[in-house]
Amino acid sequence: MDKFVIEGGRHLYGSVRAASAKNAVLPIFAASVLTEEPVTIREVPAISDALCMAQILRELGADVRFHDGDVTIDSADAHSHAISCALTKELRSSVFMLGSLLTRFHRARIAYPGGCDIGLRPIDLHLNALKRLGVDIAERDGYILCSCDKLRGAEILLDFPSVGATENILLASVKAEGKTVLQGAAKEPEIVDLQNFLNAMGAKVAGAGTDAITIEGVRKLHGTVYLPQKDRIEAGTFLIAGAICGGEVEVCGVRAENISSLLHKLRENGCKIHVKNDKIKLESFGRLKCNRRIETMPFPGFPTDLQAQATALNCTCDGGALVVENLFETRFKYVPELQKMGADVEVKGRNAFVRGVPKLHGASVVAGDLRGGAALVLAALGAEGRSEVLDLSHIDRGYSDLQSKLKNLGAEIKRVRV
Ligand code: UD1
């Protein structure tokens, strides 16, 4: 297991290009089995979630090849509609395969998340929507068994704008008989990418990015070559790194409107933000001010995937902040690790009360989840002295080559095999 060794206190200067978005790439992998023709996804980031998705597709019988950063998936020989418990455990987003397996085989079997001991991850919204499309669903021995004679377009209303449920509905309805109208859809930019990818395959999807999406079922989909959008969460992580460390950091490839809620908060902290086309430059000098309140919300609200990094920033700012986590109730698990670095944070349920301290100090901490792990790296970069961030397996799920990109900005960070 690798670790990062970080000497904190260096200012960051320079420019970094965001990789393709993890949350765009994963559902596009799932969508690749909707056609028997090869599809190529360009510039797939070297993250373990993408490798795991490739494993799932191979398990189904598809041929998946990585070449120069691109991935070509040929699922002509895919024959299985079942995903093993082991792979479901590796990658929670394997639930996104339900929709595409139903379209391809009219059957799908995945391990129930609860059955694999990976914590609470309700999928009721996914399953209820699939039922509306004509799918019969049974649960047996920890597996969800889905089947249908055919998929039929329907009117679907989501009670909550779940990203995964919205994507599953798109995947299950692109070849359904008739028209599907989805109200209450999630509006995340990555859903627009899935729509664009499906339309590049010959689908008729409109409205992604708004809360109403219509899908006209088509008979056949074909292969395509597709370049996903860049990762707004990775870009946001680098901007927050710049804010914590001080200096000037430019991120390229991400549209400012896709992270406007973060940019608003960074300005509130006292950072200067300059936007030009797809370049966002942050200037951070002197001690920043705490945000009074950060509350995570579905897009375009503040992303839960940047909550931990923003909390780490606030720990070093002047004043106090209230951070409210509305999406995932267990998303403050990184806080005890931040406390080892001297952070003053109190968690009560979905609320974290932060009192900023002038400086964090180096410590040995464990990255227990992807974004919490990123927050610990950022805290260590801004801290006084040496830190170790242990267990990089979660960080590797969503950040490709994090240490090289940070090093290029002037950080003192080494990846070390333990
Ligand atoms: C996706 C993102 C993840 C991000 C999250 C919220 C991917 C691969 N992952 O996850 O990085 O943090 O969106 O922006 O795109 N819920 C239910 N029932 C359901 C489905 C969801 O109650 O059937 C709840 C969840 O428990 C959670 C909330 O809805 O509280 C949001 O979940 P959802 O939008 O579905 O997140 P994911 O698609 O899993």
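These numbers come from the heavy atoms of this one structure, side chains and all, not from hydrogens, waters or symmetry mates. Bear in mind that the values here come from a model prediction, so they are computed numbers and not experimental data. In listed order, ligands and their atoms are each counted from 1.
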Thinking salt bridges, do Asp305 and Lys22 make one under a 4.0 Å N-O criterion? no

Thr237-Gln309 side chain donor-acceptor pair, cut-off 3.5 Å: yes

Between Thr296 and Arg331: side-chain donor-acceptor atoms closer than 3.5 Å: no

Verify whether one side chain among Tyr399 and Asp231 offers a donor that lies under 3.5 Å from an acceptor in the other. no

With atoms numbered from 1 as shown, which atoms in ligand 1 lie under 4.0 angstrom from a non-hydrogen atom of Gly164? 35 (O), 38 (O)

For ligand 1, which is the ligand I care about here, please tell me if Glu167 has any N or O atom under 3.5 Å from one of the ligand's N or O atoms. no

Would you sort out whether Cys315 and Met341 count as a side-chain contact (heavy atoms from CB on, under 4.5 Å), showing the intermediate values? CA-CA 10 Å; Cys315 285; Met341 304 174 91; over 6 Å; no

Salt bridge or not for Glu388 and Lys3, using N-O below 4.0 Å? yes

Would Asp278 and Arg255 pass as an ion pair if we require N to O under 4.0 Å? no

Based purely on interatomic distance, does Leu125 place a nitrogen or oxygen under 3.5 Å from a nitrogen or oxygen of ligand 1? yes

Any N or O of Phe96 that comes nearer than 3.5 Å to an N or O of ligand 1? no

Does Phe299 come within less than 4.0 angstrom of ligand 1, counting non-hydrogen atoms of the residue? no

Distance under 4.0 Å to a non-hydrogen atom of Arg331: what atoms of ligand 1 satisfy this? 12 (O)

Correct closest heavy-atom pair for Pro27 and Leu194 would be O-CD1, 3.9 Å

Counting only heavy atoms, which portion of Asp305 has something under 4.0 Å from ligand 1: side chain, backbone, both, or neither? side chain

Under 4.0 Å to a heavy atom of Phe160 - the qualifying atoms of ligand 1, by number: 28 (C), 29 (O), 31 (C)

On a heavy-atom basis, I'd like to know which of Val163, Asn23, Leu127 is closest to atom 13 (O) of ligand 1. Val163

Where ligand 1 meets Thr304 - atom numbers and elements under 4.0 angstrom, heavy-atom basis: 6 (C), 12 (O), 14 (O)

Quick test of your reading of the structure: of Pro303, Ala165, Pro122, whose heavy atom lies closest to atom 22 (O) of ligand 1? Pro122

